[in-house]
Amino acid sequence: MAYDHKKIEKKAQEIWAALDLYRTEDDTGREKKYILDMFPYPSGEGLHVGHPKGYIATDIYSRFSRMKGFSVLHPMGWDAFGLPAENFALKNKVHPRAAVEKNIAHFKQQLAHIGLDYDWTREINTTDPEYFHWTQWIFLKMFEHGLAFQSDEPINWCPSCMTGLANEDLEGNVCERCGTVVEKKRLPQWVLKITEYADRMLADLDTLDWPEHIKEAQRNWIGRSEGAEIRFEVRTSDVLTSERTSDVLNIEVFTTRPDTLFGATYLVLAPEHPLFQNEGLRKSLRNVKKVYKYIQTAVSKTEIERAAEGKQKTGIKLEGIAAINPATKEEIPVYVADYVLGNYGTGAIMGVPAHDERDFEFANQFNIKISPVVFSAGSVSAGEIANGELQEIWGPERWAEEWNDWYTHPGILINSGEFSGKHSEESKWDIVAAVGGKRVTRYKLRDWVFSRQRYWGEPIPIIHCEKCGAVAVPYEDLPVTLPEVDHYEPTGTGESPLAAIESWVNTTCPKCGGPGKRETNTMPQWAGSSWYYLRFMDPHNGEELVSGKKEKYWAPVDVYVGGDHAVRHLIYARFWHKFLYDISIVSTPEPFKRLEFLGFILAEDGRKMSKRLGNIINPDDVIAEYGADAFRVYEMFMGPFENTTAWSTASISGTARFIQRVWNFQERVSDKPNVALGPLLNETIRKVEKDIEVFKFNTAVSQMMIFLNAAEKEGSIGKEQWLAYIRILAPFAPHIAEALWEEAGKEGSIHAAAWPTYDEALLLSNEREIVVQVSGRKRGSVRLSAEASEAEALNEAMKLPTVTAALGGKEPSRVVYVPGKILNIVR
RNA sequence: GCUGGAGUGGCGGAAUUGGUAUACGCGCACGACUCAAAAUCGUGUCCCGCAAGGGUUGUGGGUUCGACUCCCACCUCCAGCACCA
């Protein structure tokens with residue numbers, strides 16, 4: 001009979017539904033495997049062929065795992081809060097909830113065509129009040145533990161999205177979503193103390209089976225650096241003339257190179273430094289106007305503008321004050337300059353022009369003294385260092401010759417008092433101790449700005465009371481749901497659209513019973529996805545879940561599959577998980593043991609698929625033409641899973657042909673096993689199994705093609721061999737495998753059958769082709785058993801005329817023999 | 001600039017405890033079937049050469065009986081971070 005993929009797919013999917021094949025049981029007693037896709041945001045555009053790549057991979061992996069006897073959890077859900085959903089709704093003039101429902105229905109229908117084995121009884125949706133009840137619950141737990149706090153520091157504000165953003169939502173200084181340059185805006189907001197977990201998140205990366213580049217991206221983002229805070233005493237103009245008076249002001253700097261302290265010849269304050277609010281400083285400055293004008297322009301500039309000015313550094317000297325280098329006791333000038341960031345370290349640095357490229361540039365521009373204190377170990381002799389001042393020993397000419405640059409590496413200290421002659425790395429902390437500084441660790445990671453001034457998100461479950469301050473909504477009153485509103489457009493004023501709904505906002509304080517107002521900001525899109533993998537373990541009973549009972553069975557996720565989100569989602573989820581670990585809700589410190597990161601599928605033109613470019617390929621069309629199985633096999637065969645590859649409609653015909661040939665070959669099944677195919681089938685089972693385990697689906701498909709090619713050449717296959725072959729094909733092409741199983745007269749679903757076994761002994765025994773080389777060059781081959789001795793091998797090889805010709809009658813000077821592989825005769 | 005990853009046919013790519021480079025597929029060419037086309041099947045397809053043979057894994061060196069695989073230097077591409085002191 002002809003291969004009719006539409007009929008076959010429909011029938012197979014009906015069989016699976018009738019058998020309820022993918023229902024996950026919690027307590028089967030079998031070893032469990034939790035296989036998870038990064039759940040999608042159900043966009044209005046529907047799926048393109050790139051989306052299912054990861055889903056097909058997890059589908060293969062979970063079907064395979066079931067056949068290997070595991071109890072498998074493989075669920076799917078929807079990440080449906082957030083700006084994109086809301087913007088889509090605004091544009092199409094529908095309620096976000098209605099838009100989300102419609103989009104989900106469309107997504108599910110598209111996914112159904114592919115034949116994925118999700119357990120839909122565990123479907124979740126982050127916008128479901130029964131779901132975000134527990135998102136709010138986790139927030140309140142954080143509040144309880146002091147990890148959620150209020151702040152009104154200036155934050156990143158996207159004027160186009162009309163909301164505040166977290167650092168993670170930026171690309172440089174541009175809103176990641178819409179590409180608008182962000183502004184700084186002072187706004188009352190909720191912040192989560194993710195920095196509290198910076199160290200543990202960094203350290204535990206080493207325990208994870210994740211791709212190196214993702215771990216590296218997270219290390220970069222956390223940006224830990226160890227250094228010291230050192231206090232510089234400041235003298236103002238009043239005291240400059242008189243003898244020592246009491247300290248008026250101090251400046252703390254942060255440095256990772258305290259070993260260069262003796263070379264600090266100036267200080268720089270960031271324009272945002274709090275000292276500029278200090279009246280004492282203002283009074284002492286002789287150039288107040290110039291300084292504050294500079295600060296004003298610097299602060300109003302975006303960081304992009306600052307960076308665009310490139311290496312051309314700007315700044316103003318603070319006339320009338322000076323700092324004292326605590327090591328050399330020298331008076332050094334103080335500057336304000338925008339190359340120093342206000343939000344990192346202490347907002348102030350010590351300038352060491354001899355050992356920092358940026359400081360070197362600044363010093364040259366402002367004619368500041370450059371004072372080298374570290375030399376590379378080879379360039380200075382011990383005697384020279386012992387004698388003290390190098391300048392004096394060398395004289396000005398040699399000095400200028402030796403020192404016309406900066407040197408940023410560690411080395412031998414000079415001009416550093418009692419530390420001269422010692423190694424800079426070894427003396428680092430001694431120098432800190434000597435000047436009374438303290439050792440500190442700083443991070444680039446910022447706390448998570450958690451408030452969004454938008455409608456479509458989880459309400460933050462807090463009530464503001466004039467008497468009691470910010471009060472948690474009692475746990476029994478959760479969830480706090482969104483009010484129905486006529487207008488949910490963002491206001492753009494920094495107020496949430498919820499603020500206008502008085503009946504919702506005005507409430508009573510749970511603590512004192514007096515009047516209270518609800519928090520009107522909502523949570524960011526990333527909130528719901530920070531814990532969803534836990535919800536799948538028990539999607540219908542939150543109480544059970546937070547009691548930790550279900551978690552012990554499934555968590556952590558064994559294999560997590562997705563792309564994008566190298567930092568944001570993965571770092572937020574790790575943070576929440578670690579918090580839940582600390583309060584004993586989960587029993588492991590990390591949520592995702594193993595991560596498989598997928599490469600995207602580009603359009604045929606090599607560009608990203610987008611509606612705007614009109615190059616989207618819809619999986620529905622591909623499946624209608626070539627069939628779901630050909631589509632699945634093609635996506636896995638395109639290349640390595642982690643590679644980004646362009647779609648090729650011409651190439652899919654190759655896998656479609658393969659599927660068709662498999663179908664045709666069932667007519668060649670005979671009762672007699674085909675002995676010649678035995679070893680290859682054995683090897684194929686082994687190879688496909690190993691490749692699935694390490695996500696090398698492309699070579700697994702290739703091996704199945706190699707086997708079919710060989711079987712076609714043979715012209716027949718034994719029944720048992722055929723049944724083994726279609727079982728290894730089943731995870732990749734589940735529909736046709738189901739049909740062939742039935743055609744072969746087997747009962748039940750092929751997907752409930754056991755994975756075929758291979759015979760280890762058969763792989764190792766018997767004859768092998770041994771390549772014969774003469775002086776490293778292939779001259780022929782001989783067939784020998786793997787156990788054959790070197791003498792036997794050499795004897796056989798010498799019978800080959802190509803070998804004797806290449807030797808030219810000479811006696812071999814050396815013979816290298818690797819049994820089962822190669823014989824190299826060196827002349 | 002720093003960090004991580006990668007450079008193999010016309011294309012996607014295979015092969016790494018060092019052991020037949022170019023598996024598998026696409027494309028292309030020729031042939032069979034056909035009145036013809038599509039589909040299908042067969043043969044060929046890294047480069048030079050009629051052949052024997054020689055050359056070839058970004059470039060240049062090195063180690064080795066033997067290097068896509070290891071070492072050194074350089075070039076290119078992709079990703080993350082980027083005036084983070």
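All chains are named by letter (A, B, ...) in the order of the sequence lines, taking the proteins before the strands, and each is independently numbered beginning at 1. The figures that follow rest on heavy atoms only: side chains count, while hydrogens, waters and symmetry mates do not.
- With respect to Asp206(A) and Arg219(A), a salt bridge is recorded, a charged nitrogen being found less than 4.0 Å from a carboxylate O.
- Under the Watson-Crick or G-U wobble criterion, with both distances below 3.5 Å, rG60(B) is paired with rC72(B).
- Rounded to whole Å, the separation between the C1' atoms of rU69(B) and rG58(B) comes to 16 Å.
- You'll find that the side chain of Asn643(A) is closest to rG13(B), out of rG4(B), rG13(B), rA85(B).
- Judged by distance alone, with hydrogens and angles left aside, the side-chain atoms of Gln666(A) form a donor-acceptor pair with the main-chain N or O of Trp663(A) at under 3.5 Å.
- On the P atoms, rG18(B) is 8 Å away from rC70(B), given to the nearest whole Å.
- Within the shown strands, nothing qualifies as a pairing partner of rU17(B) under the Watson-Crick or G-U definition with both distances less than 3.5 Å.
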Return a single string for nucleotides 44-55 of chain B, one symbol per nucleotide in 5' to 3' order, where B is base contact, S is sugar-phosphate-only contact and - is none, cutoff 4.0 angstrom on heavy atoms.
----------SS
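- Ring-centre distance between Phe637(A) and Phe658(A): not below the 6.0 Å cut-off.
- The pairing partner recorded for rA67(B) is none, the criterion being a Watson-Crick or G-U wobble arrangement whose two distances lie under 3.5 angstrom.
- If you look at Tyr335(A) and Phe362(A), their ring centroids are closer than 6.0 Å.
- Of the options Asn364(A), Thr265(A), Asp359(A), a side chain to side chain contact (heavy atoms under 4.5 Å, CB included) to Ile370(A) is made by Asn364(A) and by none of the others.
- For the C1' atom pair drawn from rC47(B) and rU56(B), the interatomic distance equals 7 Å after rounding to whole Å.
- Between Met609(A) and Ala603(A), the closest heavy-atom pair is CG-CB, 3.7 Å.
- With P as the reference atom, rC78(B) and rG12(B) are 15 Å apart, rounded to whole Å.
- Using N1 to N3 plus N6-O4 or O6-N4 for Watson-Crick, or N1-O2 and O6-N3 for G-U wobble, each under 3.5 Å, rA29(B) pairs with rU43(B).
- Residue contacts shown for Ile349(A) include a base, since a base heavy atom lies under 4.0 Å away.
- Residues Trp448(A) and Glu168(A) have side chains that never bring a donor and an acceptor to within less than 3.5 angstrom of each other.
- Looking at Asn220(A), its side chain has no donor and acceptor atom pair within 3.5 Å of the base of rC81(B).
- Put simply, the side chain of Ile617(A) does not reach to within 4.5 Å of the side chain of His48(A), judged on heavy atoms.
- Between Arg257(A) and rA85(B), a side-chain N or O to OP1/OP2 separation shorter than 4.0 Å is absent.
- OP1 or OP2 of rA15(B) lies within a sub-4.0 Å distance of a side-chain N or O belonging to Lys696(A).
- Between the side chain of Lys313(A) and the base of rC83(B), a donor-acceptor pair under 3.5 Å is found.
- On the P atoms, rU40(B) is 33 Å away from rA51(B), given to the nearest whole Å.
- Between rA14(B) and Asn698(A), a contact under 4.0 Å exists linking OP1 or OP2 to a side-chain N or O.
- Look at rA36(B): it lacks any Watson-Crick or wobble partner with both distances under 3.5 angstrom.
- Looking at which nucleotide of RNA chain B each of Lys778(A) and Thr644(A) is closest to, the 5′-most match is held by Thr644(A).
- A gap of 22 Å separates the C1' atoms of rU8(B) and rG4(B), to the nearest Å.
- Ring orientation note: the planes of Trp647(A) and Phe631(A) are tilted relative to one another, at an angle of 30° to 60°.
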Is there any protein nitrogen or oxygen under 3.5 Å from a nitrogen or oxygen in nucleotides 27-33 of chain B, and what are the pairs?
residue, atom, partner, partner atom, Å
rG27(B), OP2, Arg657(A), NH2, 3.4

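- Minimum interatomic distance between His273(A) and Gly347(A) (heavy atoms only, all atoms of both residues): CD2-O, 3.3 Å.
- Note: Tyr3(A) and His5(A) have tilted aromatic rings, judged against thresholds of 30 and 60 degrees for the angle between ring planes.
- If you take atom C1' in rA23(B) and the same atom in rC71(B), they sit 29 Å apart, rounded to whole Å.
- Within residues 223-232 of chain A, the residues approaching RNA chain B are Ser225(A), by heavy-atom distance under 4.0 Å.
- Within 4.0 Å (heavy atoms only), Gln218(A) reaches no atom of the nucleic acid at all.
- Here the C1' atom of nucleotide rA6(B) and the CD atom of Glu216(A) are 16 Å apart, to the nearest Å.
- Residue contacts for Arg446(A): at a heavy-atom cut-off of 4.0 Å it reaches no nucleic acid atom on any strand shown.
- Using a cut-off of 4.0 Å between Lys/Arg side-chain N and Asp/Glu carboxylate O, Asp4(A) and Lys6(A) are scored as not salt-bridged.
- With a cut-off of 3.5 Å on both pairing distances, the Watson-Crick or G-U wobble partner of rC77(B) is rG5(B).
- The side chain of Tyr344(A) contributes an N or O atom lying less than 4.0 Å from OP1 or OP2 of rA85(B).
- Between Phe641(A) atom CZ and rA6(B) atom C1' there is a gap of 19 Å when expressed in whole angstrom units.
- When each of rC81(B), rG25(B), rG19(B) is scored by its nearest atom to the side-chain atoms of Asn709(A), the top-ranked nucleotide is rG25(B).
- The 5' end of RNA chain B is approached more closely, in terms of each residue's nearest nucleotide, by Arg661(A) than by the other of Arg661(A) and Ala217(A).
- The partner of rA51(B) is absent, by the rule that a Watson-Crick or G-U pair needs both atom distances under 3.5 Å.
- Comparing the C1' positions of rG54(B) and rU34(B) gives a spacing of 45 Å, expressed to the nearest Å.
- Minimum interatomic distance between Met798(A) and Thr804(A) (heavy atoms only, all atoms of both residues): O-CG2, 3.3 Å.
- For the pair Lys444(A) and Tyr344(A), the NZ or CZ position fails the cation-pi test of under 6.0 Å to the six-membered ring centre and within 45 degrees of the ring normal.
- Listed candidates were rG19(B), rG5(B), rA23(B). Nearest to the side chain of Ile706(A) is rA23(B).
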